[in-house]
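Here is how names work: the chains are called A, B, and so on, in the same order as the sequence lines, proteins then strands, and each is numbered from 1.
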Protein chains: 2
Amino acid sequence: MEAPQNTKRTKASEPTLKRLPRYLHYLQKAQDKGILTISAPVIGKELQCDPTQVVKDLATTGVKGRPRIGYNIHELIQTIESFLGYNRANEAFLVGAGNLGMAMMSYPDFQRFGLKIVAAFDTNRDKIGRSRSGINILHMNKFQDLARRLQVRIAVLTVPHTVAQEVTDLLVASGIEAIWNLTPSQLQVPEHVIVQNTSMYANVTLLLKKLQEKDESESVQ
Amino acid sequence: MEAPQNTKRTKASEPTLKRLPRYLHYLQKAQDKGILTISAPVIGKELQCDPTQVVKDLATTGVKGRPRIGYNIHELIQTIESFLGYNRANEAFLVGAGNLGMAMMSYPDFQRFGLKIVAAFDTNRDKIGRSRSGINILHMNKFQDLARRLQVRIAVLTVPHTVAQEVTDLLVASGIEAIWNLTPSQLQVPEHVIVQNTSMYANVTLLLKKLQEKDESESVQ
DNA sequence: ATCTAATAAAGAAAAAAATCTTTATATATT
DNA sequence: AATATATAAAGATTTTTTTCTTTATTAGAT
Ligand SMILES: NC(=O)c1ccc[n+]([C@@H]2O[C@H](COP(=O)([O-])OP(=O)(O)OC[C@H]3O[C@@H](n4cnc5c(N)ncnc54)[C@H](O)[C@@H]3O)[C@@H](O)[C@H]2O)c1
Ligand SMILES: NC(=O)c1ccc[n+]([C@@H]2O[C@H](COP(=O)([O-])OP(=O)(O)OC[C@H]3O[C@@H](n4cnc5c(N)ncnc54)[C@H](O)[C@@H]3O)[C@@H](O)[C@H]2O)c1
């Protein structure tokens, strides 16, 4: 692959990338209601965020809007989905079919966002051989062989944090290039491997801290 | 803002607040190994982040370190925990005892981070009356009364996104002040209610996009 | 005791992101 | 057709966050 028709390697910022799925979710609901065009100010008002921010975010996807009209909602959704790669169905292996892992296997919507969990792996004999939502749970010792043969590049990590690093080492050795890390561990990986941390703790912390700050500011007044 | 008297309202930034739990997790592991003092450069190297950033983050909690020595690890952990309010055991209700909700109920570690789920609520008859990890699942129609009587201020929201807003309205009407929103919906709430969104989608998106960008940059060379 | 090296702490600079401002354009209204 | 207006788009400004520098302090070495 070469020569992108539009060498505009937009390189969207992280904050923008995080906001786009939210817009998309809202836009899909709006489209279901039969809306054909939508403007940035409307999106901003509905999602309680700055309208110029919305314009800027949408602009990074390359979509064009028309003054006084807004954006064609169908075109907008298509453009965002394509920009984010949601139409690619990236295949992933889930590792650690425990409480959280099983919940994620049961969740059909990830596929709509471009992630398809095609198999799960565990070391617990009780889990192996079972399946959930059509996804089979296999023994961990099959991981390396299957990852290579099926050329799976993405792993979803939901093992106990105590084994997170050793499992990660195996994933990397198996050619995994991107890890979605749901454990609280800070994984050590080679340069070329991408890690996306989803820290529940960070979110709990932020919530509790905001509440605490609210209390303090009220008690001061 | 005005008059910053001795009010040490440090007002830590969001990025700082998100990094602190990670430091804490690492520090606890280090303490378990018998380490007594630790320096910012060591933490930074281990967690692959900038050492001066670590110093700045730790400084916001008010802890003091000593040149050439570093921080007393016990004091450091205590200070961070107290700063983040982890020793408060904030009580919360979980709403929507489905796949994700059940997983969260089974997860004992939240309590270590200051969040204690004391009851769960659902509308599904099959769920009601059951319990998980000692947390009872009650009917949603008991929510309002219990929230008021027990003075629970925090709700964890894990219902289907289709009902997220209507459930939220009930939570707010019941006096809930902070909502940890695990659904993809953008909740509409009054000014005084705090919402913390944990969007799995945003994280998937970021991961897939990074992988995509890596592919593109490689194909360009 | 004195010197050296490591490191916390404070401050400055740079980078990134969000917000605000201006401009241009297309549509609806008159 | 002319005008007013909403809004996308581009640019400027401000704010926030990160990174870089400098300074001061302290343990350990000489
Ligand atoms: N449950 C939650 O709500 C929640 C929330 C936030 C974070 N997490 C994190 O997610 C991870 C999983 O949590 P959980 O509650 O699902 O735990 P869990 O114990 O229910 O599940 C872990 C699974 O991993 C499997 N496993 C253990 N060692 C393995 C190995 N070497 N290789 C492959 N599989 C292995 C276990 O058999 C088990 O099925 C933990 O790191 C936890 O910190 C969970
Ligand atoms: N499962 C996952 O891994 C995952 C990942 C990301 C986001 N989410 C989000 O989390 C939410 C829950 O997902 P899930 O997979 O657990 O779904 P689920 O269907 O398994 O669970 C939803 C639960 O909410 C209950 N419920 C429905 N209406 C209710 C009401 N009005 N009041 C109280 N309870 C009600 C249902 O009975 C059910 O038990 C969804 O919004 C989903 O988008 C889930």
Quick check: on DNA chain C, is the nucleotide nearest B:Ala40 upstream (toward 5') of the one nearest A:Glu14, or the reverse? Name the residue that is more 5'. B:Ala40
Protein-nucleotide distance (B:Lys18, atom NZ; D:dT16, atom P), rounded to Å: 16 Å
Rounding to a whole Å, what distance do you find between B:Asp50:CG and C:dA14:P? 16 Å
For the side chain of B:Pro67, starting at C-beta, report the closest nucleotide among C:dA17, D:dT7, D:dT26. D:dT26
Between A:Thr16 and A:Arg68, just flag the one whose closest nucleotide in DNA chain C comes earlier from the 5' side. A:Thr16
Across the strands shown, which category fits A:Ile69 at heavy-atom distances under 4.0 angstrom: base, sugar-phosphate, nothing? sugar-phosphate
Does C:dA24 have OP1 or OP2 sitting under 4.0 Å from an N or O in the side chain of A:Arg66? no
Could you give the CZ-to-C1' distance, from A:Arg19 to C:dT19, as a whole number of Å? 12 Å
Is the shortest side-chain heavy-atom distance between A:Val172 and A:Pro190 below 4.5 Å? yes
Will you find, in the side chains of B:Asn203 and A:Thr198, an N or O donor that is under 3.5 Å from an N or O acceptor? yes
From CG of B:Asn72 across to P of C:dA8 the rounded distance in Å is 13 Å
Any donor-acceptor pair under 3.5 Å linking the side-chain atoms of A:Ser13 with those of A:Thr16? yes
In whole Å, what is the span from the CG atom of B:Leu58 to the P atom of C:dA10? 13 Å
In whole angstrom, what separates A:Lys56's NZ from D:dG11's C1'? 7 Å
For this output row, return yes or no: ring centroids of B:Tyr26 and B:Tyr23 closer than 6.0 angstrom. no
Atom CD of B:Gln53 to atom P of C:dT7: distance rounded to whole Å? 18 Å
Of the listed nucleotides D:dT18, C:dA9, D:dA9, the one nearest the side chain of A:Lys64: D:dA9
Does A:Thr52 reach a base, just sugar-phosphate, or nothing at all? Heavy atoms under 4.0 Å. base
Rounded to whole Å, please give me the gap between CD1 in B:Ile38 and C1' in C:dA8. 15 Å
Does a side-chain N-to-carboxylate-O contact under 4.0 Å join A:Arg153 and A:Glu91? no
